[in-house]
Amino acid sequence: MSCGICGSRCRGRLCRECELMERLDDEHEWRSDDVNDDLDEEDGVDRGDGVATDGGEVESGSSRGAFETVAECLGISLDTLYRRLAHETPSNPREWESPVPGAQAAAGADEMHVNLNVEPTTAQGGIGAELSDRVNQLYVEATTETVIFEVAEEFQTVSFSTTFTPEQAEAIGVALIAGSKRAADGNPGVIVRKYNLASIDRGEGIETDGGRGQDEPLKVIENGTAYYYEDVDEPVRHEGRIEIFDHYVRLCGGPLATWIPRENVQQVIEG
Amino acid sequence: MTYQSPVHSLAGETEVEFQCGVAAGTDHCDHEPETIELDEPAYIDAEGMVFLPGRPLDCPECGNPHDFRFNGVGVFFQ
């Protein structure tokens with residue numbers, strides 16, 4: 001089966017890359033519609049779908065960084081705001097751990113999306129983020145006074161609220177900061193970025209939360225078959241010991257092990 | 001008698017037991033094995049790769065998109 005957009009080999013209607021791009025495009029379209037609706041409400045002029053605005057006060061205001069605006073509203077320095085977001089976490093977090101980072105790390109998945117929406121105009125300065133992979137929806141909200149990370153996680157029809165552990169909150173805080181910096185660079189305040197919370201670079205001075213070492217494979221298959229592509233269309237077959245890492249697959253058995261980028265490996269079968 | 005990979009037992013099946021490979025190998029995911037119906041019978045191509053039309057693209061519990069078990073056979077997709 002081939003992808004309906006790019007034509008590459010895949011197992012569904014679209015390949016993963018095209019499916020992700022389609023999702024991002026859809027989301028961008030929804031947000032553009034929301035912005036247009038808001039502008040229509042403000043000035044009573046219906047711009048219709050797909051009609052770009054001409055800038056004006058809204059866009060000229062966006063040239064200033066969103067976080068600068070938040071810090072100014074609160075009367076604190078930008079450094080203080082960043083420090084609070086990165087380090088202040090709930091004093092007594094409930095004992096709960098999201099399964100998402102661990103599961104993503106175990107699977108070697110790199111598909112965590114961070115959809116960051118900075119709203120510098122709220123009274124206290126609020127920062128909200130929706131993080132999602134293909135299944136789980138995490139909603140994170142931080143106020144700059146107390147920096148509380150509220151998380152709602154939905155597993156299809158089941159939903160509940162809880163709090164991140166300090167380590168997870170730190171990771172998200174850093175993701176928020178990194179995303180916000182990008183948002184401040186001439187973007188009105190909405191960005192879409194990918195992060196893998198399990199291996200996120202937390203920045204200088206923030207320790208990682210341990211977990212699996214980078215040198216250890218995700219999975220070792222003692223006797224398996226791997227199919228991968230080199231420069232030709234036909235897949236190359238390898239039989240024997242196979243070690244799967246975050247970004248590479250190590251094929252053992254010959255005099256020298258072969259490292260293959262994960263994206264070139266089509267399939268690995270155990271047994 | 002020549003050895004045949006266990007993946008060949010999947011050929012022709014339209015109903016298979018599906019489980020997240022993360023759940024099968026670690027405690028990071030709670031996905032329980034479930035029986036799924038494929039859109040078309042599973043098949044093995046000339047190279048030996050298995051194809052399961054209509055299989056879930058990711059784990060319904062943890063979202064893992066790579067590592068799965070089908071009738072107990074571990075298959076790691078791109």
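First the proteins, then the strands, lettered A, B, ... as listed; each starts at 1.
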Say you draw a straight line from [atom1] of [X] to [atom2] of [Y]; how long is it, rounded to the nearest 0.5 Å?
X      : Y      : atom1 : atom2 : result
A/L218 : B/D67  : CG    : CG    : 9.0 Å
A/T225 : B/E47  : OG1   : CD    : 12.0 Å
B/I44  : A/I269 : CD1   : CD1   : 6.5 Å

Residues passing the side chain to side chain contact (heavy atoms under 4.5 Å, CB included) test with A/Y248, sequence neighbours excluded, are A/W259, A/P261
Which answer fits B/V75, side chain, backbone, both or neither, if we ask what part of it has an atom under 4.5 Å from a heavy atom of chain A?
->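 Both backbone and side chain.
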Interchain contact, A/I242 with chain B, by part (heavy-atom threshold 4.5 Å) |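 Neither part, no heavy atoms under 4.5 Å.
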Is a donor on one side and an acceptor on the other found under 3.5 Å between the side chain of A/Q267 and the backbone of B/V50?
-> yes
If every non-hydrogen atom of B/G48 is compared with every non-hydrogen atom of A/R237, which pair is closest and at what distance?
->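 Shortest heavy-atom separation between B/G48 and A/R237 comes out as CA-NH1, 4.2 Å.
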